[in-house]
Amino acid sequence: MPSRRTVLAAAAGVTATLALGTDARAGDPDDERLRALLSRMTLEEKVGQLFVMRVYGHSATAPDQADIDANLQELGVRTAAELLAKYRVGGIIYFSWAHNTRDPHQIAGLSNGIQRASLGLPRGLPVLVSTDQEHGIVARVGEPATLLPGAMALGAGASRADAREAGRIGGAELRAIGIRQDYAPVADVNVDPANPVIGVRSFGADPKAVAGLVAAQVKGYQGAGVAATAKHFPGHGDTAVDSHHGFPVIDHTREQWTALDAPPFRAAIHAGIDSIMTAHIMVPALDPSGDPATLSRPILTGMLREEMGYDGVVVTDSLAMRGVREKYGDEQVPVLALKAGVDQLLNPPSIDVAWHAVLDAVRAGELTEARLDESVLRILRLKAKLGLFEHPYVSDAGVDRVVGVRRHRDAADRIAERTTTLLVNEGPLLPLSRGTHRNVLVVGADPASPSGTTGPPTAVLAAELTSLGFTTARLSTGTAPTPAVIDQAVAAARGQDAVVVATYNVTAASTQRTLVARLLSTGVPVVAVAVRNPYDVAQLPEVKGCLASYSWTDVEVRAAARVLAGRVAPRGKLPVPVQRADDPARVLYPVGHGLRY
């Protein structure tokens with residue numbers, strides 16, 4: 001492992017106290033050292049710094065054979081170390097499906113191995129390791145790390161202090177395992193209940209409220225020494241198309257964009273956001289060319305840089321997504337993104353195609369080396385700000401001291417309790433009393449854990465209710481229960497004092513509605529817990545009690561159970577409106593709705 005002195009020498013004495021803003025850096029000796037470092041880089045090294053790439057395996061040098069095979073097939077290399085040596089990539093992104101995130105100590109070891117491999121190269125530079133740790137329904141690092149309520153849950157809590165504290169805890173734990181750039185928070189304002197890609201990943205539907213929570217999370221993450229990333233610019237909250245699989249078109253006028261989509265990004269910039277992620281969406285009012293925002297110079301340079309005054313790092317959303325690949329070929333996309341004003345090129349489908357495309361574009365004069373220098377310098381400044389030149393490595397002692405510690409987990413529980421939202425309580429049915437509702441059947445959907453380490457939610461609900469003095473039985477009925485499963489649930493409900501049903505994205509055609517209706521027909525009191533979208537309540541008009549937890553990770557499900565049992569009073573309020581199922585033009589429950597007891 002290179003010593004601290006070696007790393008510092010490679011960086012020509014760069015420290016981690018670099019100012020932001022072009023004017024403020026004029027004559028700054030630290031920035032001059034970065035510029036000197038840039039001047040010694042080869043063109044190939046500069047191109048590599050622009051890329052943030054996936055790689056399979058739990059180790060930088062000795063992954064499992066299946067991961068070696070996957071790397072050879074997709075990347076043409078065997079390991080992360082070989083990827084760094086061949087392409088000199090500036091960043092690596094971790095995914096659970098790429099087997100990067102088994103446990104905190106393994107992740108720390110992977111991060112150290114990546115830094116060791118890169119810094120051991122000629123003119124080696126530290127790597128900016130990133131991931132999507134939004135919490136809630138998007139979490140790449142799971143237990144025993146602390147999992148916190150997601151954005152819409154925090155929106156329901158409406159506490160900027162809680163949002164900031166969640167960011168601080170999440171950021172501190174990421175930094176301890178070697179992850180220095182988090183692709184969070186989501187700054188999209190979710191105004192379309194049918195949005196398949198954002199939904200509960202958004203703080204809500206009110207631009208002002210979202211802006212305040214985004215700024216709070218930025219300060220939390222970055223106060224912990226992790227670069228936050230506001231996404232997805234210029235705003236992905238009003239679409240029924242998932243840009244992973246299609247090309248969404250946002251029909252907002254420029255005035256609507258200014259009022260609805262822009263405020264959270266402006267707030268993030270004002271809070272000193274380190275990076276902003278682009279969206280693979282078309283907004284004709286902002287750029288009539290038909291290009292996705294990721295490839296739009298009017299949007300990224302004209303609006304984001306020049307009008308909004310942002311001079312930090314711009315990172316693309318994944319270049320493997322269909323939304324950015326429909327109009328242009330994979331060899332054109334990275335070049336067009338750089339022309340538009342992007343700095344980091346995230347996860348292209350083929351690193352070899354994309355890397356050579358950028359290199360060839362510079363050699364052919366389509367891109368200037370000066371244009372590359374602008375982006376590489378921004379990336380180097382961010383790495384310096386994050387302390388990567390002085391402190392690229394993490395320690396096992398640091399992991400033990402920070403990750404998943406009791407004070408973090410307790411804070412997560414308390415924050416979650418302030419987000420659970422009571423939508424319906426006729427009778428009132430809730431809270432459930434151990435005197436009259438001691439025997440409880442827990443049924444419902446058990447979606448796969450966001451991080452692969454939590455749940456299933458029906459088991460978590462049952463266990464928490466048991467710990468609170470109830471006698472529970474449990475039956476997982478799935479997101480699309482069959483007639484046979486529904487019959488089994490109805491039979492299990494007979495003789496119970498109450499039934500708790502975990503629902504997941506209930507639609508008009510969903511057999512989850514049939515399950516609830518059949519359970520209600522038994523005469524046993526039925527309570528629904530919407531474990532993802534709060535919109536489920538509109539499809540369940542006959543239930544006497546309904547809660548929204550906004551995610552099915554353990555911390556949110558346990559908090560819902562404590563609210564059901566009356567151990568905690570419900571405090572959350574809807575951050576989005578819920579429309580009537582039979583007349584979507586009418587609001588069933590407005591923003592701010594939330595019952596108490």
Side-chain angles (χ1 to χ4, degrees), residues 37-38 40-57 60 68 70-95 98 100 114-115 117-130 181 275 277-278 280 292 294-295 313-321 324-325 328-380 382-383:
L37 176 61
L38 178 64
R40 294 193 296 272
M41 293 172 64
T42 67
L43 176 59
E44 290 80 2
E45 289 165 359
K46 292 177 182 179
V47 170
Q49 281 298 299
L50 306 174
F51 286 94
V52 181
M53 202 60 201
R54 69 191 180 279
V55 64
Y56 290 87
I68 291 174
N71 285 328
L72 285 170
Q73 181 177 352
E74 293 187 21
L75 309 175
V77 297
R78 295 165 50 85
T79 65
E82 290 182 12
L83 176 71
L84 291 160
K86 184 172 182 180
Y87 295 107
R88 305 299 290 262
V89 296
I92 286 181
I93 179 173
Y94 288 170
F95 292 105
N100 304 138
I114 285 169
Q115 301 296 358
S118 185
L119 290 165
L121 297 168
R123 296 172 303 280
L125 295 171
V127 177
L128 188 52
V129 177
S130 62
Q181 184 178 25
S275 52
M277 180 178 284
T278 68
H280 305 325
T294 297
L295 310 183
V313 169
V314 174
V315 57
T316 70
D317 205 343
S318 171
L319 296 182
M321 291 165 60
V324 79
R325 300 175 72 190
Y328 300 102
D330 289 343
E331 71 286 349
Q332 293 175 280
V333 166
V335 176
L336 293 172
L338 290 168
K339 285 183 173 182
V342 158
D343 301 305
Q344 288 184 304
L345 300 162
L346 176 62
N347 206 26
S350 168
I351 180 64
D352 196 65
V353 168
W355 189 88
H356 279 102
V358 175
L359 187 66
D360 292 345
V362 177
R363 287 175 172 166
E366 185 180 358
L367 281 171
T368 65
E369 192 164 354
R371 169 65 194 90
L372 259 60
D373 288 352
E374 291 177 19
S375 288
V376 175
L377 188 57
R378 285 193 187 98
I379 293 165
L380 294 177
L382 181 54
K383 291 181 178 184

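Keep in mind that the numbers below use all heavy atoms, side chains included, and drop hydrogens, waters and symmetry copies.
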Worksheet entry | Verdict with supporting geometry, L295 and Q332, side chain to side chain contact (heavy atoms under 4.5 Å, CB included) | CA-CA 10 Å; L295 310 183; Q332 293 175 280; over 6 Å; no

Practice prompt. Give, for atom CG of D330 and atom CZ of R325, the distance between the pair rounded to the nearest 0.5 Å.
Written response: 4.0 Å

Worksheet item: For the side chain of R371 and the backbone of L338, is there at least one donor-acceptor N/O pair under 3.5 Å apart?
Response: yes

Worksheet item: For G57, does its backbone N or O pair with a side-chain atom of N100 as donor and acceptor, under 3.5 Å?
Response: yes

Worksheet item: Is T278 reaching over with its side chain to a backbone N or O of V314, donor-acceptor style, under 3.5 angstrom?
Response: no

Donor-acceptor list for residues 76-84 side chains, cut-off 3.5 Å, not counting sequence neighbours:
unit_1: T79; atom_1: OG1; unit_2: A81; atom_2: N; d: 3.4
unit_1: T79; atom_1: OG1; unit_2: E82; atom_2: N; d: 3.1
unit_1: E82; atom_1: OE1; unit_2: R78; atom_2: N; d: 2.8

Worksheet item: Looking only at heavy atoms, what is the nearest atom pair of L119 and G124, with distance?
Response: CD2-O, 3.8 Å

Item to complete: May I ask you to test the N347-M321 pair for a side-chain heavy-atom distance under 4.5 Å?
Response: no

Worksheet item: Are the side chain of T316 and the backbone of L346 linked by a donor-acceptor contact shorter than 3.5 Å?
Response: yes

Discussion item. Once rounded to the nearest 0.5 Å, what's the spacing between atom OG1 of T294 and atom CE of M277?
Written reply: 9.5 Å

Worksheet item: About how many Å separate CD1 of I68 and CD of Q73, when rounded to the nearest 0.5 Å?
Response: 14.0 Å

Discussion item. Could you go through R54 and F95, starting from their C-alpha distance and side-chain angles, then the distance that decides it, and tell me whether this counts as side chain to side chain contact (heavy atoms under 4.5 Å, CB included)?
Written reply: CA-CA 8 Å; R54 69 191 180 279; F95 292 105; 4.1 Å; yes

Fill in: Heavy-atom side-chain contact between L121 and E45 under 4.5 Å
no

Worksheet item: When rounded to the nearest 0.5 angstrom, what distance separates NZ in K46 from CG in L38?
Response: 5.0 Å

Discussion item. Is the shortest side-chain heavy-atom distance between Q115 and V129 below 4.5 Å?
Written reply: yes

Practice prompt. Taking all non-hydrogen atoms of both residues into account, name the closest pair between S318 and V324 and its distance.
Written response: O-CG1, 4.3 Å

Item to complete: Starting from the C-alpha separation in whole Å, work towards a yes-or-no answer on side chain to side chain contact (heavy atoms under 4.5 Å, CB included) for S130 and V52.
Response: CA-CA 8 Å; S130 62; V52 181; 3.7 Å; yes

Discussion item. Measuring only between side-chain heavy atoms, which start at C-beta, is S118 closer than 4.5 Å to R88?
Written reply: no

Practice prompt. Flag the pair L345 / L319 as yes when at least one side-chain heavy-atom distance between them is below 4.5 Å, and no otherwise.
Written response: yes

Worksheet item: Given side chains that start at C-beta, do those of R378 and E374 come closer than 4.5 Å, heavy atoms only?
Response: yes

Discussion item. Please give me the minimum heavy-atom distance between Y87 and W355, naming the atom from each residue.
Written reply: O-NE1, 3.2 Å

Worksheet item: Quick one: are Q49 and L380 in side-chain contact, heavy atoms under 4.5 Å?
Response: yes

Worksheet item: Which atom names give the shortest non-hydrogen contact between Y56 and N71, and what distance separates them?
Response: N-OD1, 2.8 Å

Discussion item. Return the CG to CG distance between L372 and L367, rounded to the nearest 0.5 Å.
Written reply: 6.5 Å

Discussion item. Do L50 and I379 make a side-chain contact, defined as non-hydrogen atoms from C-beta onward lying under 4.5 Å apart?
Written reply: yes

Worksheet entry | Residue pair K86, L75: steps toward the side chain to side chain contact (heavy atoms under 4.5 Å, CB included) verdict | CA-CA 10 Å; K86 184 172 182 180; L75 309 175; over 6 Å; no

Worksheet entry | Inter-residue atom distance L125.CG - M41.CE, 0.5 Å rounding | 5.5 Å

Discussion item. Quick check against the 3.5 Å criterion: does K383 have a side-chain atom that pairs as donor or acceptor with the backbone of G90?
Written reply: yes

